[in-house]
Novice: 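The structure under discussion is supplied below as structure tokens; questions concerning it will follow.
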There are 4 protein chains.
Amino acid sequence: MTIRVGVLGANGKVGQAVCAAVEAADDLELSATVDQGDPIESFVESKTQVVVDFTHPDVVMNNLKFLLANGIHAVVGTTGFDDGRIAEVREWLAASPETGVLIAPNFAIGAVLTMRFAEQAARFFDSVEVIELHHPNKADAPSGTAYRTARLIADARAAAGVGKSPDATSTELEGARGSDVDGVRVHSIRLAGLVAHQEVLLGTQGETLTIRHDSIDRTSFTPGVLLGVREIAGRPGLTVGLDPFLDL
Amino acid sequence: MTIRVGVLGANGKVGQAVCAAVEAADDLELSATVDQGDPIESFVESKTQVVVDFTHPDVVMNNLKFLLANGIHAVVGTTGFDDGRIAEVREWLAASPETGVLIAPNFAIGAVLTMRFAEQAARFFDSVEVIELHHPNKADAPSGTAYRTARLIADARAAAGVGKSPDATSTELEGARGSDVDGVRVHSIRLAGLVAHQEVLLGTQGETLTIRHDSIDRTSFTPGVLLGVREIAGRPGLTVGLDPFLDL
Amino acid sequence: MTIRVGVLGANGKVGQAVCAAVEAADDLELSATVDQGDPIESFVESKTQVVVDFTHPDVVMNNLKFLLANGIHAVVGTTGFDDGRIAEVREWLAASPETGVLIAPNFAIGAVLTMRFAEQAARFFDSVEVIELHHPNKADAPSGTAYRTARLIADARAAAGVGKSPDATSTELEGARGSDVDGVRVHSIRLAGLVAHQEVLLGTQGETLTIRHDSIDRTSFTPGVLLGVREIAGRPGLTVGLDPFLDL
Amino acid sequence: MTIRVGVLGANGKVGQAVCAAVEAADDLELSATVDQGDPIESFVESKTQVVVDFTHPDVVMNNLKFLLANGIHAVVGTTGFDDGRIAEVREWLAASPETGVLIAPNFAIGAVLTMRFAEQAARFFDSVEVIELHHPNKADAPSGTAYRTARLIADARAAAGVGKSPDATSTELEGARGSDVDGVRVHSIRLAGLVAHQEVLLGTQGETLTIRHDSIDRTSFTPGVLLGVREIAGRPGLTVGLDPFLDL
């Protein structure tokens with residue numbers, strides 16, 4: 001039996017990629033698509049079971065209110081969820097206890113796994129550093145993902161009582177040793193021909209472990225979205241972040 | 001308080017490295033060392049709490065019998081444990097229920113983590129392949145570790161109902177696509193200047209995840225041995241493989 | 001002073017990318033574009049100095065005949081040039097000795113440099129192997145580029161009297177050691193999420209050198225084409241392959 | 001016919017490695033070894049053709065004076081050659097025009113090739129950055145080799161009129177973008193488990209080229225020394241740096 005999937009924001013770049021991915025999957029059926037000006041009621045008429053929302057912070061709360069009122073599960077990539085919004089979604093879910101909502105800032109499974117594995121491995125190695133590599137049009141350095149990864153690593157090491165990575169540097173050309181995020185060095189490479197890449201290097205006596213994620217295409221979020229769509233019915237209530245769905 | 005650690009096979013290459021690592025650790029004390037001809041009773045006299053055994057299949061069972069009879073924990077890297085031997089160790093442990101024994105074929109934490117992460121990630125990606133790279137004096141291809149890694153990956157994918165990695169190859173020069181281990185392609189590189197390296201490549205739409213382990217020194221097992229030494233008192237009974245001690 | 005550049009096959013995918021690249025370059029001007037049905041004479045009327053031809057083997061010879069008769073330089077990515085065609089182009093050039101023609105099978109500068117560097121380095125290392133990694137829809141393994149690279153390496157080693165890469169493998173699972181191209185091992189990885197990648201690994205005592213080319217976008221040929229456009233006026237006569245233009 | 005090779009500083013770590021390498025080579029013969037207190041005349045008595053000198057700045061000039069006076073070629077890894085010393089060696093060579101001297105700061109062929117290839121490739125790519133990775137006991141960041149590599153790249157780009165690598169970074173955590181060596185960004189990683197590694201990343205539209213050198217053993221200089229020994233008789237006069245012997 002296929003799952004009937006609707007898409008909100010279906011005409012956007014991301015929405016189009018989601019529609020294409022749903023149509024290409026044997027176990028999913030694209031039951032309805034909605035964009036600005038289209039009636040959201042079409043999800044009810046089409047007996048849609050799960051709706052994917054990549055829209056805008058201005059409209060996503062109205063979308064969720066409608067979906068949950070109608071017992072339709074939601075997989076949400078739209079940003080802008082602060083504590084107040086999260087609390088409101090929980091209230092709506094309390095009134096519809098069998099419905100599930102997944103809100104995730106990052107659906108790229110490789111990125112999520114990289115962070116998780118880095119966090120798990122961090123306490124077993126003397127040294128950890130992070131390298132992130134992106135196209136040269138990126139405005140911030142380090143990337144948000146690298147920053148978050150470094151903090152997860154730092155927290156895991158602190159919790160395990162592991163000290164700082166050893167470093168005998170006494171003569172440094174300014175900036176050579178990268179930026180310092182809670183004691184973890186993060187290096188930002190900007191290079192034409194790259195898209196979005198990250199490497200976590202861990203080292204101890206005689207061995208190193210490297211976890212590398214390469215994202216070379218804006219569609220790399222679709223497998224994570226489809227995973228959410230397939231699993232959401234079995235996970236009622238609110239889930240924030242894709243991690244719990246990975247059952248690691 | 002420091003842990004009093006003894007070493008069996010203390011004069012061998014591995015034993016010497018273990019002795020050096022114990023002496024270099026602030027929280028461990030090298031209480032006694034034993035090699036061929038030395039009296040094993042010195043572990044009792046020196047109030048040794050944990051003994052590390054890198055000896056020989058011919059003597060390891062006698063060693064363990066003595067240690068367990070005296071309530072001394074054991075961390076064992078010696079090979080040759082078949083089902084019969086494992087059963088015998090369990091019997092001895094039944095009579096000494098507070099004593100712990102860790103028997104592990106591989107103490108390199110990076111290798112153990114690579115296998116575990118590969119197994120965990122395997123079901124989320126369309127494609128998985130393994131590349132192992134070693135010095136050119138190695139007799140077997142693929143390496144035992146790569147073979148085991150590929151089987152763990154294959155089992156994880158089978159359990160999750162994931163199909164084979166896609167492959168449209170229709171014209172192949174013999175051997176180009178590597179060896180086939182339960183449906184997982186494994187490639188063996190032999191190169192002067194290398195020691196022991198392994199890479200697991202996982203790919204799905206628009207992204208790849210790479211987990212790489214580089215071991216460039218024969219001492220890369222010592223951090224895993226020390227981890228075992230530190231944890232064994234809290235884990236009575238028999239543990240096979242380092243994984244459970246990593247609490248992943 | 002800008003160079004006036006025309007494009008033949010301007011409506012094709014490659015042609016469009018070339019047009020965009022020419023328009024984006026400060027020192028180049030897109031003077032005329034021609035596709036099926038358009039009059040080729042427009043290159044003369046527009047005083048075009050260099051024409052880029054990514055068309056079809058069926059029409060490329062007529063294109064070149066016209067261009068050379070009118071003293072217009074040509075940069076050609078169209079395939080299908082056998083010895084007969086090459087001879088004919090040389091004849092036309094003899095009648096127009098100041099005009100230049102560049103015919104290249106591969107305009108990706110990174111690929112050309114990888115081959116050249118591999119060839120130069122090959123004789124200094126005990127061991128050389130090639131790994132090529134592509135998307136899983138590729139029909140042939142190894143790739144044409146990897147095959148060519150391996151042959152260049154083999155030739156360079158033979159010319160320098162360097163023996164085979166050492167290899168003590170005595171137990172091999174079929175295919176583990178890859179394919180054998182003139183004594184050079186070539187391994188083909190096929191993975192979702194990849195595009196076109198190649199790695200040449202060279203190793204000798206205690207050190208390795210790795211040359212890696214990653215092509216993640218079908219537009220990676222444009223810098224090579226623009227290089228050809230900028231240099232062709234200074235290189236009259238026929239040049240086959242981009243290498244000579246790199247002045248290595 | 002074998003070459004008769006002598007070693008000066010034969011008891012040092014490096015000297016011992018050179019002796020072992022000479023003895024292991026079929027075409028070389030270890031004719032005499034000299035260390036502190038031994039008579040340097042033994043090179044003459046033993047009809048030594050080439051002497052390898054890894055000694056000390058305090059004694060190397062006396063060594064060279066003796067060797068050149070006796071027509072013995074020299075391959076020198078000892079440091080401390082300033083312009084004055086170089087001039088003096090040239091004078092001695094003028095009196096012995098058929099003798100050759102090679103003085104090189106770095107005999108690791110992989111390091112030399114990395115620099116050369118980086119220099120050759122630099123002008124074809126929009127972006128270039130350098131990453132160097134070393135053990136955590138290193139005092140300086142970046143490494144001398146990385147610094148030199150970056151300057152060679154900067155010079156090559158300046159000579160070709162290539163502008164700075166593009167970089168839209170507007171929000172930077174201090175140090176994230178690495179150090180700036182003549183406009184080339186250099187990043188220094190310090191990690192337990194590493195020895196000495198360097199990566200040059202070059203990128204342009206849709207493609208990247210990576211040249212990586214891994215040195216995991218203090219003996220990685222021996223192939224370069226043997227190359228010098230084999231070639232020196234054919235290259236009379238003074239050569240500084242291994243590059244010319246590579247005939248790239």
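By convention in this document, chain letters (A, B, ...) are assigned in the order of the sequence lines, proteins followed by strands, and residues within each chain are numbered from 1. For clarity, every value in this text was computed on a predicted model and none was experimentally measured.
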Novice: I'd like to know which of Gly206(B), Gly203(B), Ala192(B) tops the heavy-atom pair count under 4.5 Å against chain C.
Specialist: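 So the answer, after comparing Gly206(B), Gly203(B), Ala192(B), is Ala192(B).
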
Novice: May I ask you to check whether Thr171(C) and Asp140(B) show a side-chain donor-acceptor distance below 3.5 Å?
Specialist: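 Checked: Thr171(C)/Asp140(B) side chains show no N/O donor-acceptor pair below 3.5 Å.
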
Novice: For Arg190(B), is it the side chain, the backbone, both, or neither that has a heavy atom closer than 4.5 Å to a heavy atom of chain C?
Specialist: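 Contact with chain C: backbone and side chain both.
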
Novice: Answer with side chain, backbone, both or neither: which region of Arg177(C) has an atom nearer than 4.5 Å to a non-hydrogen atom of chain B?
Specialist: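 The answer is both parts of Arg177(C).
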
Novice: Evaluate side chain to side chain contact (heavy atoms under 4.5 Å, CB included) for Leu30(C) paired with Leu28(C), printing each intermediate quantity in order.
Specialist: CA-CA 7 Å; Leu30(C) 187 62; Leu28(C) 306 180; over 6 Å; no

Novice: Go through it in stages, so that I can follow the logic: the residues are Gln198(C) and Thr149(C), the test is side chain to side chain donor-acceptor pair (under 3.5 Å), and I'd like the CA-CA distance, side-chain angles, deciding distance and then a yes or no.
Specialist: CA-CA 10 Å; Gln198(C) 176 165 314; Thr149(C) 305; 2.9 Å; yes

Novice: Of the listed residues (Pro166(C), Ser165(C), Ala146(C)), which shares the most heavy-atom pairs with chain B below a 4.5 Å separation?
Specialist: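 Among Pro166(C), Ser165(C), Ala146(C), the one with the most close pairs to chain B is Pro166(C).
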
Novice: Heavy-atom distances under 4.5 Å only: say whether Thr204(B) touches chain C with side chain, backbone, both or neither.
Specialist: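 Looking at Thr204(B), just its backbone touches chain C.
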
Novice: Which residue in the set Val18(B), Val75(B), Leu227(B), Leu226(B) passes side chain to side chain contact (heavy atoms under 4.5 Å, CB included) when paired with Phe107(B)?
Specialist: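 Of the listed options, the one satisfying the test is Val75(B).
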
Novice: For Glu172(B), which atoms come within 4.5 Å of any heavy atom of chain C: side chain, backbone, both, or neither?
Specialist: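 Contact with chain C involves both backbone and side-chain atoms of Glu172(B).
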
Novice: Between Glu129(B) and chain C, with a heavy-atom cut-off of 4.5 Å, which part of the residue counts as in contact: side chain, backbone, both or neither?
Specialist: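 Looking at Glu129(B), backbone and side chain both touch chain C.
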
Novice: Kindly check if the number of other-residue, nucleotide or ligand heavy atoms within 6.0 Å of CZ (Arg230(B)) is above 12?
Specialist: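 Count over threshold, so yes.
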
Novice: Can you tell which of Val130(B), Val186(B), Ile131(B) makes a side chain to side chain contact (heavy atoms under 4.5 Å, CB included) with Pro142(B)?
Specialist: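 Result: among Val130(B), Val186(B), Ile131(B), Val186(B) is the only option passing the side chain to side chain contact (heavy atoms under 4.5 Å, CB included) with Pro142(B).
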
Novice: Residue by residue, scan residues 111-128 of chain C and write down, ordered by number, those that have a heavy-atom distance under 4.5 Å to chain B; if none do, write 'none'.
Specialist: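 At a heavy-atom separation under 4.5 Å, chain B is reached by Asp126(C), Ser127(C), Val128(C).
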
Novice: If you compare all heavy atoms of Gly15(B) against all heavy atoms of Val7(B), which two are closest, and at what distance to 0.1 Å?
Specialist: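 Nearest pair, atom of Gly15(B) first, then Val7(B): O-CG1, 4.0 Å.
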
Novice: Identify, with sequence neighbours excluded, every residue that meets side chain to side chain contact (heavy atoms under 4.5 Å, CB included) alongside His197(B).
Specialist: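 With neighbours one apart ignored, the set is Leu133(B), Leu194(B), Val195(B), Arg212(B), Asp214(B), Ile216(B).
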
Novice: Inspect the contact between Asp83(B) and Arg85(B) and indicate whether a charged nitrogen and a carboxylate oxygen are less than 4.0 angstrom apart.
Specialist: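 So Arg85(B) does not pair with Asp83(B) through a salt bridge.
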
Novice: Could you have a look at Leu202(C), Asn137(C), Ile189(C), Leu201(C) and say which one has the most heavy-atom pairs with chain B under 4.5 angstrom?
Specialist: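 When all of Leu202(C), Asn137(C), Ile189(C), Leu201(C) are compared, Ile189(C) has the most.
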
Novice: Let me see the working for Val60(C) and Val76(C) under side chain to side chain contact (heavy atoms under 4.5 Å, CB included), right down to the final yes or no.
Specialist: CA-CA 9 Å; Val60(C) 68; Val76(C) 183; 3.9 Å; yes

